[in-house]
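Shown next, in structure tokens, is the structure this report addresses.
A, B, ... follow the sequence lines: proteins, then strands. Residue 1 opens every chain. Computation of the quantities below employed the complete heavy-atom set of this structure, encompassing side-chain atoms and omitting hydrogens, waters and symmetry-equivalent molecules.
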2 protein chains.
Amino acid sequence: MKKSSLYKGCLEPILLRLLKDNGRMYGYQMTQMVKEITKGELNITEGALYPLLHKLEEQGIVETETEMNGNRMRKYYSLTKAGKKQTAVAMDEMKAFMQSLEFIVNPKAIIG
Amino acid sequence: MKKSSLYKGCLEPILLRLLKDNGRMYGYQMTQMVKEITKGELNITEGALYPLLHKLEEQGIVETETEMNGNRMRKYYSLTKAGKKQTAVAMDEMKAFMQSLEFIVNPKAIIG
DNA sequence: AAATTATGCATAATTTTCTTATGTATTTAG
DNA sequence: CTAAATACATAAGAAAATTATGCATAATTT
């Protein structure tokens with residue numbers, strides 16, 4: 001098993017958390033921030049990131065603004081009103097998920 | 001996003017933890033125990049469980065003994081020596097994974 | 001000055017991992 | 001006596017990632 005396979009399925013809540021905390025971010029920035037926060041544990045690949053961001057935009061969860069930084073394009077993403085509601089739900093689900101997996105890292109938790 | 005998608009990639013460490021703690025288990029028993037531990041949060045489907053168990057056996061991580069319980073078959077799985085080593089590694093990875101995702105459920109953790 | 005790395009987006013092909021559906025068979029509960 | 005639970009297995013399909021590829025500019029290294 002690849003270590004990275006653990007993150008499968010968690011990318012969406014990760015992105016929602018970033019946008020919730022930082023308001024407005026562009027894709028590359030998200031990859032760098034996650035790398036920093038997780039101390040290199042998680043490196044989001046572009047092939048996973050961009051298609052997901054596009055899906056979230058289609059679903060009306062995020063909206064975009066494209067800006068030029070010198071000659072380079074940046075596409076900024078931010079949560080819509082609906083996206084903020086969805087994020088709250090996702091955070092609750094994530095919390096429940098983490099708690100239900102506690103027994104793996106701390107098996108004694110199920111005894112006491 | 002389906003709630004259950006969060007668990008993607010986590011099934012293998014879950015099974016390894018169960019076998020580590022309980023020594024010897026059969027498939028159906030694993031599904032029931034996980035359902036109980038997670039208070040119904042996680043229901044392992046047979047289509048995910050059995051193929052994975054077979055893969056782990058091929059890889060020499062688990063070994064099996066088939067027993068008859070009345071007229072019904074039970075296929076018991078237990079960790080091999082190599083499987084125990086692999087489990088220790090997997091538990092460490094799982095711990096790192098959970099910690100690196102802490103910021104999602106508890107964003108203030110990255111400040112203090 | 002040239003080459004490499006970093007920044008920044010995007011998509012296609014493939015793989016991994018799961019869900020859903022199907023199949024077989026015995027036991028228990030209503 | 002029928003439905004649900006127990007117990008295994010596999011195939012078809014979907015979901016979500018990795019890997020590979022492509023384009024382009026900026027900064028850094030050699």
Side-chain angles (χ1 to χ4, degrees), chain A residues 1-16 24-36 40-59 61-62 64-77 90 93-94 97 101, chain B residues 1-16 24-36 38 40-59 62 64-77 90 93-94 97 101:
Chain A
M1 183 192 63
K2 275 192 211 160
K3 198 176 176 182
S4 62
S5 78
L6 291 171
Y7 294 94
K8 265 179 196 283
C10 292
L11 186 53
E12 187 172 320
I14 288 172
L15 299 185
L16 294 179
R24 212 174 82 108
M25 298 183 77
Y26 56 98
Y28 184 76
Q29 188 185 12
M30 298 180 195
T31 67
Q32 299 308 300
M33 190 174 280
V34 168
K35 194 188 288 182
E36 205 192 323
E41 270 281 317
L42 174 51
N43 289 295
I44 298 175
T45 60
E46 296 161 301
L49 177 67
Y50 293 113
L52 177 52
L53 285 173
H54 300 163
K55 195 195 79 179
L56 292 174
E57 190 179 8
E58 268 177 44
Q59 294 176 341
I61 298 195
V62 299
T64 63
E65 285 171 311
T66 300
E67 284 182 18
M68 293 310 285
N69 174 256
N71 271 332
R72 271 207 302 251
M73 181 183 70
R74 280 179 184 169
K75 198 165 166 185
Y76 282 91
Y77 291 83
E93 284 176 2
M94 194 70 194
F97 161 71
L101 284 192
Chain B
M1 184 193 62
K2 275 194 210 158
K3 198 175 173 183
S4 62
S5 79
L6 292 172
Y7 293 93
K8 249 186 202 293
C10 294
L11 186 53
E12 186 172 320
I14 288 172
L15 299 185
L16 294 178
R24 214 173 82 107
M25 298 182 77
Y26 57 98
Y28 184 76
Q29 187 185 12
M30 299 180 196
T31 68
Q32 299 309 299
M33 189 173 280
V34 168
K35 194 187 291 183
E36 205 192 323
T38 66
E41 270 281 318
L42 175 52
N43 289 296
I44 298 174
T45 60
E46 295 160 304
L49 177 69
Y50 292 114
L52 177 53
L53 285 173
H54 300 162
K55 195 196 77 177
L56 292 175
E57 189 179 8
E58 268 177 43
Q59 294 176 341
V62 299
T64 63
E65 285 172 311
T66 299
E67 282 181 20
M68 294 311 286
N69 174 256
N71 270 331
R72 264 206 307 252
M73 181 183 70
R74 279 179 184 169
K75 198 164 165 185
Y76 281 91
Y77 290 84
E93 284 176 1
M94 195 70 193
F97 162 69
L101 285 191

*asked:* What is the distance, to the nearest angstrom, from the CG atom on L56(A) to the P atom on dA10(C)?
replied: 13 Å
*At under 4.0 Å, does any side-chain N or O of N71(A) touch on OP1 or OP2 of dA24(D)?*
no
*Nearest heavy-atom neighbours spanning T66(A) and M73(A)*: CG2-CG, 3.4 Å
_Toward the 5' end of DNA chain C, by each residue's nearest nucleotide, R72(A) or P51(A)_ = R72(A)
*Would you check if the side chain of Q32(B) reaches a backbone N or O of Q29(B) as a donor-acceptor pair within less than 3.5 Å?*
no
*The single option from V34(B), L53(B), V62(B) passing side chain to side chain contact (heavy atoms under 4.5 Å, CB included) against L15(B)*: L53(B)
*Under 4.0 angstrom between T45(B) side-chain N/O and dC18(C) OP1 or OP2*: no
*N or O in side chain of H54(B) less than 4.0 angstrom from dT10(D) OP1/OP2*: yes
*Name the nucleic acid region contacted by G27(A), choosing base, sugar-phosphate or nothing; use a 4.0 angstrom heavy-atom cut-off, strictly under.*
sugar-phosphate
*Let me know the distance between CG of L53(A) and P of dG8(C), rounded to the nearest Å.*
15 Å
*Could you let me know what dC23(D) is paired to, Watson-Crick or G-U wobble, both distances under 3.5 Å, or none if it's on its own?*
dG8(C)
*How close or far is atom P of dT5(C) from atom CD of Q32(A), stated in whole angstroms?*
16 Å
*Whole angstrom is fine here: how far is it from CE in M73(B) over to P in dA25(C)?*
13 Å
*5' precedence on DNA chain D between N69(B) and N43(A) (nearest-nucleotide basis)*: N69(B)
*Integer-rounded Å distance: dA7(D) C1' and M25(B) CE*: 14 Å
_Per Y77(A) side chain, nearest of listed nucleotides dT17(C), dA16(D), dA10(C)_ = dA10(C)
*OP1 or OP2 of dA10(C) sitting under 4.0 Å from any side-chain N/O of K75(A)?*
yes
*So what's dT30(D) paired with, Watson-Crick or G-U wobble, going by both distances under 3.5 Å?*
dA1(C)
*When you get a sec, tell me which of dA7(D), dA15(D), dG8(C) is the closest nucleotide to the side chain of Y50(A)?*
dG8(C)
*Starting from P on dG8(C), measure out to CD on Q29(A) and report it in whole angstrom.*
8 Å
*Return the nearest nucleotide to the side chain of Y26(A); candidates are dC18(C), dT18(D), dG8(C).*
dG8(C)
*Ring centroid separation F97(B) to Y7(A) under 6.0 Å*: yes
*Find the distance L49(B):CG to dC8(D):P and express it as a whole number of Å.*
8 Å
*Can you tell which of dC9(C), dA15(D), dT16(C) lies closest to the side chain of K8(B)?*
dA15(D)
_Heavy atoms only, 4.0 Å cut-off, all strands: where does E46(B) land among base, sugar-phosphate and nothing?_
base
*Ion pair present between K75(B) and E67(B), side-chain N to carboxylate O less than 4.0 angstrom?*
no
*CD of E67(B) versus P of dC8(D): gap in Å, rounded?*
12 Å
*asked:* Under a 4.0 Å threshold between the charged nitrogen and the carboxylate oxygen, would E65(B) count as salt-bridged to R24(B)?
replied: yes
